[in-house]
Amino acid sequence: MEKIMIIGCSGQIGSELTLELRKIYGNENVFATDIKMATKDVVKSGPFQILDVMDDKRLIHFVIRNKITQIYHLAAVLSGNAEKLPMQAWDINMQSLLNILDLAREVDDLKKIFWPSSIAVFGPTTPRTMTPQLTVMEPNTVYGISKLAGERWCEYYFNRYGVDVRSIRYPGLISYKTEAGGGTTDYAVEIFYDAVKKGKYECFLKEDTNLPMMFMKDAIKATIDLMEAPASKVKIHSAYNVAGMSFNPANLAVEIKKHIPDFEISYKPDFRQPIADSWPVSIDDSVARKDWGLSYDYDIKSLTETMIKGVSEKLKTD
Ligand code: AKB
């Protein structure tokens, strides 16, 4: 019987992943935790506790008391926010991961860890188109440096201590259930809220900034598929490339106009533009496809339709 702990259940990924895992493993077997309050759906459907991943003593008690067998550690400071407080972001992103990896080494019941990496591990010297799984990695953001160091630690704990840790290099994630916070790819979420609420959006990236993006449903499916894959199929214990789709703000505006014809977009690039310019425009995910069968259901058209419908309904009920 799996007992699954989610760290960061109130965030963009956690709020949806928790509910999906509860459908598979049973509500009472998925323990949601965060330093902030979770969504109503998460609180109502199963166990939720306020817990700080940096508090290693409470963490170990929680894991032992609840006989946790898998942890999804999703808490992190994202790229934009990390640039505002680099040392704090480094400390949170690295120390929280090391707390979890050490826990997995020490607690026998704890068999599997998921930790998210990001396309931010790549940098300006990386080939930007169809970025390969194995390539030059010289990130120049504190978030990217912390994710690359994290990948190295994950692989180290797997090789040295046999910790079964699995990871994905997420592209920008797009969802409407919980808003993203502090990332460079967040324009692709904000644009839908402003399109529905105001009919216009001022974008903090230039119109031709192409980035890899993924709809949350596809990201959740990929995450669970990787975690459920037999150990023999998981050949990479740093993190897998995952591509999703690639587009720029102008492409997205064209799709939105098909639903909201008067929608207007303007551009005012800020400190996040150089971050985006240092990241890949598209990703080669052939290794994940081959190893554990990565696939997607959403493209820019179906993503736009679903986002406009979802955001409109959310704004009515909130
Ligand atoms: C961010 O923009 O910081 C994140 C990411 C790509 O990891 N969405």
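In listed order, ligands and their atoms are each counted from 1.
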- Item | Salt bridge flag under 4.0 Å for residues Glu83 and Arg272 | no
For Gly183, the ligand 1 atoms with a heavy-atom partner under 4.0 Å come out as 1 (C), 2 (O), 3 (O)
- [ ] Answer yes or no: are there more than 12 heavy-atom neighbours, outside Lys217 itself, under 6.0 Å from its atom NZ?
- [x] no
Rounded to the nearest 0.5 Å, the OG1 atom of Thr185 sits from the CG atom of Leu205 at a distance of 9.0 Å
Quick note on ligand 1: atoms under 4.0 Å from a heavy atom of Trp279 include exactly 1 (C), 2 (O), 3 (O), 6 (C)
Min N/O separation Ser79 to ligand 1 under 3.5 Å
yes
Closest non-hydrogen atoms of Pro280 and Pro212, given as atom of the first, atom of the second and distance, are O-CD, 3.1 Å
Nearest non-hydrogen protein atom to atom 8 (N) of ligand 1, with distance, is Thr185 OG1, 2.9 Å
query: Going by distance only, is there an N or O of Tyr143 that falls short of 3.5 Å from an N or O of ligand 1?
result: yes
So, does Tyr240 use its side chain to make a donor-acceptor pair with the main chain of Arg166 at under 3.5 Å? no
If you scan protein heavy atoms around atom 6 (C) of ligand 1, the nearest is Ser118 OG, 3.6 Å
protein heavy-atom neighbour closest to atom 2 (O) of ligand 1 works out as Thr184 N, 2.7 Å
Count the heavy atoms belonging to other residues, nucleotides or ligands that lie under 6.0 Å from NZ of Lys235, then report whether that count exceeds 12.
yes
message = Would Asp186 count as a polar contact of ligand 1, with the cut-off being nitrogen or oxygen pairs under 3.5 Å?
response = no
Counting from 1 in the order shown, the ligand 1 atoms closer than 4.0 Å to a non-hydrogen atom of Leu78 are 3 (O)
Margin query: Determine whether Thr131 and Thr126 satisfy the following criterion, side chain to side chain donor-acceptor pair (under 3.5 Å), listing intermediate values before the conclusion.
Written below: CA-CA 7 Å; Thr131 302; Thr126 303; over 6 Å; no
